[in-house]
Amino acid sequence: MMTGVGSIIGSGWLFGAQKAVVVAGPAAIVAWIIGMVMVLFIGLVYAELGARFPESGGMVRYAQYSHGSVIGFISGWSNWIAIVSVIPIEAEASIQYMSSWPFAWTHALYSTSSQTLTATGLWLAAVLVFIYFLINFWTVQLFARVNTFITVLKFAIPGLTAIALLCSGFHSENFSQHGGFTPFGWSGVLTAVATSGIVFAFNGFTSPVNLAGEVKRPNRSVPIAVVGSILLAAVIYLLLQVAFIGSLTPAMLANGFAHLNFDSPFANLAMAFGLNWLAIILFADAFVSPSGTGITYTATTARMIFGISENGWLAKSFAHVHPKWRIPRRAMWANLVIAYLFLILFRGWGQLSTVISIATLLSYTTGPVSALAFRDVADGMGSSVRVKGLKILAPIAFVMASLILYAGKWPSTGRVIFVILVGLPIYLFFQYRNEGFKGFGKHLKSSIWMIAYLAFMILVSFLGSAQFGGIQVIPYGIDLLVVAVGSLAFFYWGVRSAWVTPYLERAQTDYETEVRASASPLGRTSDAAADLPSTTL
């Protein structure tokens, strides 16, 4: 759970409150609640998946087990893109806050007009990324100790910030004036969920799932870690959003919410109220919070590359684990290169958070489909954790993810989906090299629903209402209904497309072997085997 909280509370709390209020006004509070509910639903789905398949890098394997190689690659690729890009964004967040330090040289690290880091700022961010890399390079134990310490600070400091601002100057009229509670309409609320870093802020719940292979009692620990980390983080985020809105002075809101543009939002507010002690703590925490998340994601993304390699869609060398330190070091080097590439392409927190959020939503869509499908094609496999009401929960989670994905606005939705599809040539190359195309038709057939779903989302996003960046062929309100009904149809199509893939059969064989090996001569079992009795969450 500390790993989950450590991943969730990163740079999102430093910038998310401002970015959400610029898009949604005071209704940003509702946006955080919607984001929490959606991620909680999806988190419960992945809690069952993580307990059923307690494997390193599990997030990139589930769709391959249920639907074969094509959709497995699409899901794994989108999930990896969403997660690996978190490493540079956390470093960018630290340097952006650093630009508010009361020193002349720090002011040259970030450009407020372009909202991007300068060349010097990028170099410093690159150094931070390398530090995250080094902390994870030797042992899981070092990572765990550093992360637990940092997480305690990350939980305490945002809470202290919210309370200090609430006590220093609270303007209740901010929630009803300047255009009312919803100055940009309810479409702005949905857009805030998709593009303001809210989905990105909650995304860390996947870290316990990806580390499930290194947990003694996955069917107990994974669900607690996933649900607990989401709920704990939600309390902090809501307090911060209320405190941010209420702390804004009439002068700050002279031009409305849309024109707010702090380079270090909470630190700027603290200095405005003369809370210099709080500003100093925030400047320090701007390194602690994002760095803690960056360190955690450096660990989990290495396991994702490991998982993709194990799936067969990257070179097998990336699945090599160091014999002494038990770390997939080659995967870490690959992620370091990609992190630097993202750092160069997206030089500001706002730019990269939108890309991450949309890619994350795409990666979420396969989880609910696979989870419900496994109830039929793999019900006897793995831990017996079963989430109550999954038959209702899974389709709701899929529809909510689709609605928020649509609210990400055209052309951002189309661009990110295109980036995901760009990875298909890599898949085809490794498919040919590793397995050839014998029996490929079955894998392709079971993935048609996903390919059609992505095409459907691009088309509706383009033709949709102007509120979501479309060309207004489908009017506002009707577009949301079309997305909801259409995505529900694709969900059930996807569930029916699942089959007992060769990858699932292989995982089943490995699981049975592990259970047999865990039994002692006296008939007792290890922790893994002791967890086999049915558990309902």
Side-chain angles (χ1 to χ4, degrees), residues 55-88 206 210 297 300-320 328-346 352 355-356 358-367 370 413-455 457-458 501-503 506:
E55 302 172 315
S56 294
M59 290 285 292
V60 301
R61 299 190 185 199
Y62 308 136
Q64 179 149 323
Y65 288 165
S66 62
H67 289 81
S69 61
V70 179
I71 195 170
F73 180 84
I74 293 174
S75 173
W77 184 261
S78 60
N79 199 285
W80 175 63
I81 290 292
I83 300 299
V84 74
S85 51
V86 172
I87 300 171
T206 59
N210 280 319
Y297 274 78
T300 56
T301 51
R303 275 70 180 179
M304 293 180 74
I305 284 283
F306 175 90
I308 294 173
S309 180
E310 285 285 287
N311 286 349
W313 315 133
L314 282 177
K316 287 294 182 182
S317 59
F318 288 120
H320 175 74
R329 286 185 168 180
R330 293 173 184 174
M332 287 185 62
W333 281 110
N335 283 329
L336 181 66
V337 173
I338 299 301
Y340 282 145
L341 179 62
F342 274 102
L343 197 63
I344 295 170
L345 294 176
F346 304 98
L352 194 48
V355 174
I356 293 172
I358 295 175
T360 298
L361 287 164
L362 281 171
S363 69
Y364 284 167
T365 54
T366 57
S370 294
T413 48
R415 287 172 179 168
V416 176
I417 291 174
F418 176 76
V419 169
I420 301 303
L421 295 178
V422 161
L424 285 177
I426 298 176
Y427 157 74
L428 292 173
F429 169 77
F430 281 101
Q431 174 69 32
Y432 172 76
R433 195 182 77 168
N434 294 338
E435 301 179 8
F437 291 100
K438 184 179 181 180
F440 178 71
K442 199 166 185 178
H443 294 263
L444 182 61
K445 181 181 178 182
S446 66
S447 69
I448 291 176
W449 73 272
M450 185 63 177
I451 297 171
Y453 167 75
L454 294 177
M457 292 302 298
I458 290 176
T501 66
Y503 315 104
R506 192 180 309 149

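Note that this is a predicted model, so its numbers are computed, not measured.
- Val416 and Ala359 get closest at one heavy-atom pair: CG1-N, 3.7 Å.
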Go through the steps for Ser370 and Ser66 under the test side-chain hydrogen bond (donor to acceptor under 3.5 Å, both in side chains), then give the verdict. CA-CA 6 Å; Ser370 294; Ser66 62; 2.8 Å; yes
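- Distance check, rounded to the nearest 0.5 Å: OG of Ser447 to NE2 of His67 gives 9.0 Å.
- In this structure, Tyr453 and Trp449 have tilted ring planes: the angle between them lies in the 30° to 60° band.
- Judged purely by atom type and a 3.5 angstrom limit, Thr365 uses its side chain to pair as donor or acceptor with the backbone of Leu362.
- The OG atom of Ser78 sits 6.5 Å away from the CE atom of Met450 when rounded to the nearest 0.5 Å.
- Side-chain contact between Tyr427 and Ser69: present, with at least one pair of heavy atoms (C-beta onward) separated by less than 4.5 Å.
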side-chain hydrogen bond (donor to acceptor under 3.5 Å, both in side chains) assessment of Thr501 paired with Tyr65: CA-CA 6 Å; Thr501 66; Tyr65 288 165; over 6 Å; no
Walk me through it: do Phe73 and Leu428 pass the test side chain to side chain contact (heavy atoms under 4.5 Å, CB included)? CA-CA 10 Å; Phe73 180 84; Leu428 292 173; over 6 Å; no
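- Here the OH atom belonging to Tyr62 is positioned 15.5 Å from the CD1 atom belonging to Ile71, to the nearest 0.5 angstrom.
- The closest side-chain heavy-atom distance from Tyr340 to Val337 is not below 4.5 Å.
- Taking the six-membered ring where the residue is Trp, Tyr503 and His443 present perpendicular rings, their angle passing 60° and hence far from 30°.
- Ile338 and Val84 make their closest contact through CG2-CG1, 3.9 Å (heavy atoms, listed as atom of the first residue, atom of the second, distance).
- To the nearest 0.5 angstrom, Ile74 atom CD1 is 5.0 Å from Leu424 atom CG.
- Evaluation of the ring pair (Phe, Tyr, Trp, His ring centres under 6.0 Å) rule for Phe440 yields Phe437 as partners, not counting sequence neighbours.
- Residue Ile458 holds its CD1 atom at 9.5 Å from CZ of Phe418, rounded to the nearest 0.5 Å.
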